[in-house]
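Okay, so here's the structure we're looking at.
Lettering of chains follows the sequences in order, A, B, ..., and the numbering in each one begins at 1. Remember, predicted model here, so these are calculated numbers, not experimental data.
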Amino acid sequence: MPRRVGRRTVLGTAAALAAVGAGTRPAAAQTIAPVSLAAVLKPVFGDKPIQQGKVVLKLPVVAENGGSVAVGVGVPGTEMPRRLVLVAPQNPQPLATEIHFGPRAARAEATMRLRLARSQAVVAAAEMPDGSVWATSAEVVITSGACIELGE
Amino acid sequence: MAMKVMVSVPATARKGDAVEIKAMAMHPMENGLRRDNDGKVIPRFILRKFECRYNGELVVDCDWHTAISANPYLSFFVKAVDSGKIEFAWTDDNGAVERHTATIAVT
Amino acid sequence: MRRVLALLLLLALPALAADRPPRSGLDYATPGVRAMQADDFANPGMLWVQEGLALWDRPGGMGGTSCASCHGRIEGFAGIAYPRRDPRDPDKLMNLETRIEKCRLDNMGAPPYGYESRELVALTAAVRHQARGRPVAVVEDADAIAAGEKEFRQRRGALDLACAQCHEANAGKKLRDETISEGQTNGFPAYRLRWQGVGSLHRRFQVCNQAVAAEPYPLGSQEYIALEWYLAKRGAGLLVETPAVRQ
């Protein structure tokens, strides 16, 4: 595991140290671009109309590490969707997962952890048995840790 | 594949209950975008599919892409119907499959 | 008289600060991190512990023995205290990692795993996990602990910073978006979100050294083992959390 201390590390740390005690304002509170559900979901659902609602998406408002953000997604009620889709539009590869529930699933609900490249609005969509597509989005701010580490 | 996995399945459940299952696997979920210390791209290597079956019938199956965190975790709910096996399968980019089986007694 | 009292109080202040009970990194962690650590089936560090438990029983080396062949059940190691001195060479400090490596080489006739190898990290995590919920056990050794404290207070690197300047003088304050912890060690080996895996305490030391642009010591070095010893003593009373989840 050879590691070298690069110029970026030194500068980043110096900047970070200058900020000690500067308050609690998130330094990396990048602005979150507004999201168009139709545009984000087009690669998955084509030109199908996207309606808002039915699907529920839970994300923390602030996450301490973009590598592991807890996400809950589901369709409340007894109606099982054909599939649930999660998209992180600001990721290099936006489609995160596609979930199918079978006859033994008690609920159309799952939690997992996503890797998010930056602060963004994550999109969840459910395709129902009648073919209709329902979607929602939720914003999460990825904060920055105290020190810049190698490999970041 | 001999990958470390962990699942949480209650040993017993009452018929008709919705039972929470948790499944986790030790895997880097290398997204193919990182570089090593020599500047070479580290090839993509992820678990691309997860499936859970209960006495042969589907509970959930997922396609996973690079936005799924390392050491992927999933929780979901099964309907406790009958005693038997709950089977888990993780498939990686090379098509290798890691399986794990838990038993549940439904009363 | 009042002035004398005020002066006495002022003099007592640093001592009071030093007497404050230590706080685990868990106390400084975000709710997301705390939730991950609280559930063994959501804490990915438990995957390493599971692997370590399997390694404990795995035969290897020239005699085909395992850890279990000599040491019995891993649960018996719940009270074990490391670092300590090598009984055959008292000038040499050993931590759990270097002890396991030595055991493999000397007693099993097996090749050492390598300090930050997945196997050694997993096995160390499994042994430490046996003590989870118990106070960290510390061997009393004034010289070794003093040597470790010297490392803790030594300014180093291009930023000319000592461990103590962040983790003692500024613990609890914000550095960018993160709250600086006391740098307690009771959760190691720990699952770090940044590592996306479990790593050793010495790997964590190296990250800190690099952050102040200092040349890190090698993993398993005497300097790091002394620092590990001092930090264990400094955190006396904290409960073992291995495998902790940290940012």
Side-chain angles (χ1 to χ4, degrees), chain A residues 1-30 58-72 110-119 122 138 140-152, chain C residues 28-36 39 41-44 114-117 121 156-161 165-167 169-181 183 191-197 199-200 202-204 206-216 218-219 245-247:
Chain A
M1 212 179 356
R3 283 144 192 248
R4 284 180 308 123
V5 179
R7 179 177 154 274
R8 212 169 62 107
T9 318
V10 177
L11 292 177
T13 314
L17 283 166
V20 175
T24 55
R25 196 175 22 180
Q30 306 139 324
K58 282 187 196 153
L59 276 168
V61 177
V62 175
E64 57 286 333
N65 187 296
S68 180
V69 180
V71 178
T111 70
M112 68 213 79
R113 298 176 189 137
L114 290 189
R115 188 184 265 157
L116 300 177
R118 50 165 293 164
S119 299
V122 173
V140 56
V141 171
I142 311 294
T143 61
S144 45
C147 298
I148 306 275
E149 292 182 21
L150 299 188
E152 285 191 330
Chain C
Y28 297 93
T30 58
V33 167
R34 297 171 65 94
M36 255 171 113
D39 178 355
F41 287 96
N43 177 353
Y115 200 94
E116 202 61 28
S117 63
V121 168
R156 62 185 84 234
L159 298 187
D160 197 28
L161 282 171
Q165 285 171 283
C166 284
H167 295 291
N170 283 297
K173 290 186 189 161
K174 287 275 181 183
L175 182 50
R176 303 208 295 175
D177 297 334
E178 199 175 349
T179 307
I180 305 173
S181 78
Y191 187 89
R192 280 190 87 220
L193 298 182
R194 286 175 164 209
W195 292 338
Q196 304 183 39
S200 72
H202 289 197
R203 181 178 173 193
R204 186 69 189 84
Q206 289 196 329
V207 169
C208 254
N209 284 164
Q210 283 160 345
V212 300
E215 184 68 35
L219 301 164
V245 179
R246 295 290 184 263
Q247 185 166 341

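With contacts defined as side-chain heavy-atom distances shorter than 4.5 Å, the pair Pro31(C)/Glu64(A) does not qualify.
In this structure, CG in Leu175(C) is found 9.0 Å from OG in Ser144(A), a value given to the nearest 0.5 Å. Separating the CZ atom in Arg113(A) from the CG atom in Leu193(C) is a distance of 8.5 Å, to the nearest 0.5 Å. A distance of 8.0 Å separates OG in Ser68(A) from CD in Gln196(C), rounded to the nearest 0.5 Å. To the nearest 0.5 Å, atoms CG (Asp177(C)) and CG (Asn65(A)) are separated by 12.0 Å.
The ring-ring contact (aromatic ring centres under 6.0 Å, His included) check on Tyr115(C) picks up His202(C), with sequence neighbours excluded. For Asp39(C), the side-chain contact (heavy atoms from CB on, under 4.5 Å) test picks out Lys22(B), Phe41(C), Ala42(C), with sequence neighbours left out.
Looking at Gln247(C), both its backbone and its side chain come within 4.5 Å of chain A, counting heavy atoms on both sides.
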